[in-house]
Amino acid sequence: MKKDNKNEQLKESLSAVMDGEANEDDLHDVLANFHNKKIQSVAKRYQLIGDVLRNNKTPPINIDLSDRVAEVINKQPNFAVTKSLIVHNNFQWMNHISKYAFAASFVLAVLVGAGIWKYNQPITTTYENNSILLSDAGADGYSPKVTYGEYEHVHEIPTAIDPQQQKQHVMRAIDKQVLKRFKAYSFQHAEEIDMKSMQGMLPFVRAVKFQLY
Amino acid sequence: MTKAPDTDNQLINRVKEGEKQAFDLLVIRYQYKILALVSNYIKNRNEVQDVAQETFIKAYRALNNFRGDSAFYTWLYRIAINTAKNHVISQQRKSLGVDIDIDETEHFDEDNLYEISTPEDILYKEEVKETIFNVINSLPDGLRTAITLREIDGLSYEEISDVMDCPVGTVRSRIFRARTAIDKALAALV
């Protein structure tokens with residue numbers, strides 16, 4: 001008798017669930033017993049009653065997808081377990097954005113650095129030497145020299161004018177050709193320093209030495 | 001038409017917590033609607049079932065993307081439409097060996113539905129229908145009114161309680177008793 005009552009209560013809860021009018025207790029009771037094939041059959045018939053009564057264009061009512069879908073879903077990893085992975089995947093776009101942001105920052109830093117270097121470098125050199133912009137000596141005195149071409153127009157920097165005027169004067173003096181020469185010189189200088197100190201080859205040299213000795 | 005977003009959302013939350021059986025209930029609730037929807041696009045009975053099944057599986061896999069901003073059925077409906085359209089396009093590519101414009105799949109007319117039922121299906125359906133209506137007509141007035149307002153007019157329990165001037169609990173009980181009576185007759189058929 002008690003069992004019948006419980007069964008009737010369960011079916012009443014199921015009826016409410018199928019109507020979308022269930023409370024948490026109804027849902028809990030139904031889901032706790034939904035492994036029971038009899039309860040599943042009752043649920044399908046309750047749904048069928050509504051679908052037939054509403055007389056919408058119904059598919060063949062002997063088609064039942066629930067078992068097929070359940071079979072596939074039961075092979076899937078548990079939702080609660082995969083949830084953390086999916087949440088992790090949701091934030092992967094941030095990784096992509098951060099990569100692009102880092103690349104953009106790097107490019108920006110290089111551009112700004114180049115701009116600052118371009119602005120500062122000749123002025124300092126010119127103020128210090130007060131005559132020529134660049135030395136024509138190689139880093140070690142014998143390496144091939146960069147051809148500087150003519151730079152007479154930067155020699156004559158007036159010393160009597162105030163620093164601001166000097167700066168403006170020097171800035172006007174630094175044309176593209178001089179800058180190009182300076183870059184060539186810097187590049188060669190860096191190469192020579194690397195070759196001389198072996199800094200550019202350091203990882204290989206260390207590896208060989210480590211293996212040999 | 002009353003919808004049931006609360007129960008659906010409750011079920012979805014349960015699925016997200018790892019209770020797979022809650023999704024079985026969602027499948028049972030919406031399988032006929034989805035089958036009917038998919039049969040608007042596909043005329044092969046087996047393909048309709050495959051696409052409807054795929055729809056539910058896609059929905060399950062994407063359930064974390066469902067935020068509950070719209071009703072679950074609305075979301076499921078979109079998945080079903082897209083799955084059916086993709087199926088149609090892939091089938092046409094296979095048979096014609098040409099590219100199909102996705103807009104072409106929009107030209108399906110809902111009045112021109114494919115009938116995927118066999119004559120046996122139609123007979124069976126008629127028999128089920130007749131059984132249901134016979135039982136309803138034999139029900140006491142209160143039960144018949146309650147089940148009719150719920151299933152045919154789509155009113156909520158609260159709306160039915162207003163119409164019938166009785167507590168919501170009574171409405172729930174009457175609907176359940178009406179269903180039980182129909183179910184007894186139907187169990188022999190289905």
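A, B, ... follow the sequence lines: proteins, then strands. Residue 1 opens every chain. What you see is a predicted model, and the numbers here were worked out from it, not measured in a lab.
With a threshold of 4.5 angstrom between heavy atoms, B:I34 does not approach chain A through any atom at all. B:D50 touches chain A through backbone and side chain together, each having a heavy atom under 4.5 Å away.
One distance of note links CZ of B:R150 with CG of A:L53; it measures 11.5 Å at 0.5 Å rounding. Here A:D19 contributes atom CG and B:I147 contributes atom CD1; the two are 7.0 Å apart, rounded to the nearest 0.5 Å. To the nearest 0.5 Å, atom OG1 of residue B:T7 and atom CD of residue A:E24 are 9.5 Å apart. Going from atom CD1 of A:I73 over to atom NZ of B:K20 covers 8.0 Å, rounded to the nearest 0.5 Å. Interatomic distance, B:E19 CD to A:H28 NE2, rounded to the nearest 0.5 Å: 7.5 Å. Taking CG of A:D51 as the reference point, atom NZ of B:K129 lies at 12.0 Å (rounded to 0.5 Å).
Here the side chains of B:R45 and A:I63 are in contact, with some heavy-atom distance below 4.5 Å. Counting only heavy atoms from C-beta outward, the side chains of B:D24 and A:S66 never approach each other to under 4.5 Å. Between B:Q49 and A:R68, some side-chain heavy-atom pair lies under the 4.5 Å cut-off.
The choice from B:T131, B:L26, B:I28 that makes the most heavy-atom pairs within less than 4.5 Å of chain A is B:I28. Contact tally against chain B (heavy-atom pairs below 4.5 Å) for A:K11, A:H35, A:Q76: the top residue is A:Q76. Heavy-atom pairs under 4.5 Å with chain B peak, among A:E12, A:E8, A:M18, at A:E12. For the set B:Y157, B:F133, B:F56, the count of heavy-atom pairs under 4.5 angstrom toward chain A peaks at B:Y157.
Applying the salt bridge (Lys or Arg N to Asp or Glu O under 4.0 Å) test to pairs two or more places apart or on separate chains, those with a residue in residues 32-44 of chain A are A:K37-A:D67, A:K44-A:D64, A:K44-A:D67.
Considering every non-hydrogen atom in both B:V27 and A:L65, the closest pair reads CG1-C, 4.4 Å.
Interface residues of residues 170-188 of chain B toward chain A, defined by a heavy-atom distance below 4.5 Å and sorted by number: B:R172, B:S173, B:I175, B:F176, B:R179, B:T180, B:I182, B:D183, B:L186, B:A187.
No donor-acceptor distance shorter than 3.5 angstrom exists from the side chain of B:Q53 to the backbone of A:V69, with no hydrogens or angles considered. The closest donor-acceptor contact from the side chain of B:R29 to the backbone of A:V17 lies under 3.5 Å.
Residue B:N137 qualifies as enclosed at atom CG: its count of foreign heavy atoms under 6.0 Å is above 12.
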